[in-house]
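Quick note: residue numbers are just sequence positions, from 1. All figures in this text were calculated on a predicted structure; none of them were measured in a lab.
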Amino acid sequence: MTFLTSKITRRSAMAYGLAGTAMLAAPGLVRRAQAAEFTYKFGHGFPLTHPFHIFLKSAADKIRESSGGRFELQIFGNNQLGGDTQMLSQVRANAIQFFEGGGIILSILVPEASLSGMGFAFSDYDKVWAALDGDVGAYIRSGFEKLELHPFEKMWDNGFRQISTSTGPINSPDDLQGLKLRVPPGQLYTSLFQSLGAAPTSINLAETYSALQTKIVSGQENPLVVFNTAKYFEVQKFLSLTSHVWDGVWLFANGKAWAALPQDLHKIVADGLNEAGVEQRAKIAATNKSLETDLVAKGITFNKPDPAPFRDKLRAAGFYKDWATRYTPEGWAALEKYVGKLT
């Protein structure tokens, strides 16, 4: 066997020593080069240009750095892993470890989650965050825990939902009569618009543009940031600022996957996601505000109807009384504590 040898000079020894010292002085660099101890997948349905994806990527980078490279969160956006219903099944089966979802969509499994999306309940962000960072949020999180899912404390923002159509503005409930309107999966969305006289159709977000383009539906309802990033302005003309539902996003993990992490990583991951969520809230609110000007330039016509007639029609239809019975008395009381009497 032949061994290769090299002459070790004073200069090469010094160079090796300096490099070794630098590596010892920067252990984070060494760890980053190594494989993560835990690699988890996070699937979501937002476009890659949406602030949700951007802030989530930033949070994942910070978490990896704070954990010294021990924890890596791989982000799969834009429905790369399937639609909402498919990813919800995947996270329950631990095929992916993290998922996000709006409260109404998640209410298929967690009935409590729809409470934050009650129609025409919240009038402004001050009431939203007081409720979701307070008793309403605590009530909803208890529902996740029953299903062995781990919800994170801070709900992320998606904005107030607005109605767009290709046919004309929505000025009153009369304009909704018989309107074929795309809504996300979730019984509360369907019930809300049926009570207002529309003809809601549940379609996953990934299929909505095509449904609007081919006139399967005449309208849809989403926050302005989703309307813009999904390019619905190409297939819709009118946007009515109804703010009929506030739309937030819960981040949660598969319970077994979460339990497998040591306590120090629990804190690092939770802090990273919650802090990013608070920052994302401010960004979404500012973005939705500035988008009106941008969308006018893209040919969209805006109007802002009075919410009172819509709320009155829902009361007359028994909408609030019906939905109040679907939560515990404590849950409904928690909502009315922040928004006032609805029934």
Side-chain angles (χ1 to χ4, degrees), residues 43-45 83-94 96 98-122 127-158 160-161 183-196 200-205 221 244-256 258 311 314-315 317-343:
H44 72 80
D84 288 338
T85 49
Q86 288 89 355
M87 285 189 283
L88 187 54
S89 296
Q90 289 173 44
V91 75
R92 294 193 71 198
N94 205 16
I96 61 175
F98 286 72
F99 180 51
E100 54 74 30
I104 297 178
I105 294 174
L106 294 176
S107 67
I108 297 168
L109 288 177
V110 184
E112 296 88 345
S114 64
L115 186 61
S116 62
M118 189 55 53
F120 291 94
F122 292 104
K127 291 180 180 178
V128 166
W129 299 131
L132 270 299
D133 290 340
D135 295 345
V136 172
Y139 170 74
I140 294 172
R141 288 194 299 276
S142 70
F144 282 91
E145 291 159 0
K146 294 174 189 174
L147 294 176
E148 297 185 349
L149 297 170
H150 177 81
F152 293 93
E153 183 179 358
K154 297 297 184 182
M155 200 173 186
W156 290 36
D157 190 20
N158 199 22
F160 282 91
R161 299 180 79 91
V183 296
Q187 193 175 1
L188 182 54
Y189 282 118
T190 301
S191 175
L192 171 65
F193 284 103
Q194 284 178 340
S195 297
L196 290 170
T201 301
S202 294
I203 300 174
N204 276 321
L205 187 67
E221 48 79 59
H244 52 278
V245 164
W246 172 76
D247 192 18
V249 181
W250 286 106
L251 276 62
F252 58 96
N254 173 277
K256 290 181 180 178
W258 181 252
R311 199 177 294 118
L314 291 175
R315 285 196 181 100
F319 172 80
Y320 293 122
K321 284 186 179 179
D322 175 33
W323 278 90
T325 65
R326 306 192 191 198
Y327 309 101
T328 65
E330 293 78 15
W332 190 257
L335 176 65
E336 292 193 325
K337 170 183 173 181
Y338 298 99
V339 305
K341 193 74 172 172
L342 291 172
T343 53

| request: Under the ring pair (Phe, Tyr, Trp, His ring centres under 6.0 Å) rule, collect the residues that match up with W258, sequence neighbours excluded. | output: H150, F152, H266
| request: Begin from the C-alpha positions of F160 and V245 and carry the test side-chain contact (heavy atoms from CB on, under 4.5 Å) through to its verdict. | output: CA-CA 6 Å; F160 282 91; V245 164; over 6 Å; no
| Do T328 and W332 have side chains that get closer than 4.5 Å, going by heavy atoms? |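 They are not in contact (no side-chain heavy atoms under 4.5 Å apart), so the answer is no.
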Just list the side-chain donor-acceptor pairs under 3.5 Å for residues 111-118, sequence neighbours left out, or say none.
unit_1: E112; atom_1: OE2; unit_2: K146; atom_2: NZ; d: 3.1
unit_1: S114; atom_1: OG; unit_2: P111; atom_2: O; d: 3.2
unit_1: S114; atom_1: OG; unit_2: Y327; atom_2: OH; d: 2.5

| query | Who are the side chain to side chain donor-acceptor pair (under 3.5 Å) partners of T190, not counting sequence neighbours? | reply |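 Scan of T190 (side chain to side chain donor-acceptor pair (under 3.5 Å), adjacent residues dropped) gives none.
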| message | Within the 4.5 Å heavy-atom criterion, are L251 and W156 side-chain neighbours or not? | response | yes
| request: Please list, chain by chain and in numerical order, all residues satisfying salt bridge (Lys or Arg N to Asp or Glu O under 4.0 Å) with D133, sequence neighbours excluded. | output: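 Result, salt bridge (Lys or Arg N to Asp or Glu O under 4.0 Å) vs D133: K154, R281.
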| message | So, using ring pair (Phe, Tyr, Trp, His ring centres under 6.0 Å) as the criterion, who are the partners of F120 when residues are at least two apart? | response | F310
| remark: For G248 and M155, the nearest pair of non-hydrogen atoms, with its separation, is C-CE, 3.4 Å
| task | Name all residues meeting the salt bridge (Lys or Arg N to Asp or Glu O under 4.0 Å) criterion together with E336; count only those two or more places apart in sequence or in a different chain, and write none if there are none. | result |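 Per chain and number, E336 pairs via salt bridge (Lys or Arg N to Asp or Glu O under 4.0 Å) with K341.
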| said: Suppose we screen for side chain to side chain donor-acceptor pair (under 3.5 Å). Which residues come up paired with H244, at least two apart in sequence or across chains? | reply: E221, T242
| Which distance, rounded to the nearest 0.5 Å, do you find between the CG of L188 and the CD1 of I108? |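 Answer for the CG-CD1 pair, L188 versus I108, is 11.5 Å.
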| said: Are V183 and F193 packed together at the side-chain level, in the sense that at least one heavy-atom pair is separated by less than 4.5 angstrom? | reply: yes
| request: Determine, stepwise, if the pair V91 / F98 fulfils side-chain contact (heavy atoms from CB on, under 4.5 Å). | output: CA-CA 6 Å; V91 75; F98 286 72; 5.7 Å; no
| Going from CG on L196 to CZ on R311, what distance comes out if it is rounded to the nearest 0.5 angstrom? |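 Separation between the atoms: 11.5 Å.
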| task | Could you tell me which non-hydrogen atom of G119 sits nearest to which non-hydrogen atom of Y320, and how far apart they are? | result |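 In terms of heavy atoms, the two residues are closest at O-OH, 2.7 Å.
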| query | Going by heavy atoms in the side chains, are L205 and P184 under 4.5 Å from each other? | reply |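 Not touching, per the 4.5 Å side-chain cut-off.
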| query | Do other residues, nucleotides or ligands put more than 12 heavy atoms under 6.0 Å from the CD atom of E145? | reply | yes
| query | Backbone N or O of S191 within a donor-acceptor pair of the Q194 side chain at under 3.5 Å? | reply | no
| request: Could you check I96 against N254 for side-chain contact (heavy atoms from CB on, under 4.5 Å), going step by step and ending with a plain yes or no? | output: CA-CA 8 Å; I96 61 175; N254 173 277; over 6 Å; no
| task | Hey, could you give me the CG/CG distance between L192 and L314, rounded to the nearest 0.5 Å? | result |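 Atom-to-atom, L192:CG and L314:CG are 5.5 Å apart.
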| task | Determine, step by step, whether W323 and Q187 satisfy the side-chain contact (heavy atoms from CB on, under 4.5 Å) criterion, reporting the C-alpha distance in whole Å, the side-chain angles of both residues, the deciding distance to 0.1 Å, and the verdict. | result | CA-CA 11 Å; W323 278 90; Q187 193 175 1; 4.3 Å; yes
| message | Test of understanding: with salt bridge (Lys or Arg N to Asp or Glu O under 4.0 Å), list the residues that count as partners of K321, not counting sequence neighbours. | response | none
| said: Contact between F252 and L106 at the side-chain level, heavy atoms closer than 4.5 Å - yes or no? | reply: yes
| side chain to side chain donor-acceptor pair (under 3.5 Å) against W250, all qualifying residues, sequence neighbours excluded | none
| request: Output all residues satisfying side chain to side chain donor-acceptor pair (under 3.5 Å) with D157, sequence neighbours left out; order by chain, then residue number. | output: Y125, W246
| request: Starting at CG of L335, measure out to CG of L342 and round the result to the nearest 0.5 Å. | output: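 Result: 5.5 Å between the selected atoms.
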| said: Quick check: closest heavy atoms across H44 and F99, and the distance to 0.1 Å? | reply: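 Shortest heavy-atom contact: CA-CE1, 4.5 Å.
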| message | Once side-chain contact (heavy atoms from CB on, under 4.5 Å) is applied, do any residues pair with D247, and if so which ones, sequence neighbours excluded? | response | N158, R161, Y189, P223
| query | For R92, what residues pass the salt bridge (Lys or Arg N to Asp or Glu O under 4.0 Å) criterion, not counting sequence neighbours? | reply |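 Checked R92 against salt bridge (Lys or Arg N to Asp or Glu O under 4.0 Å); zero matches.
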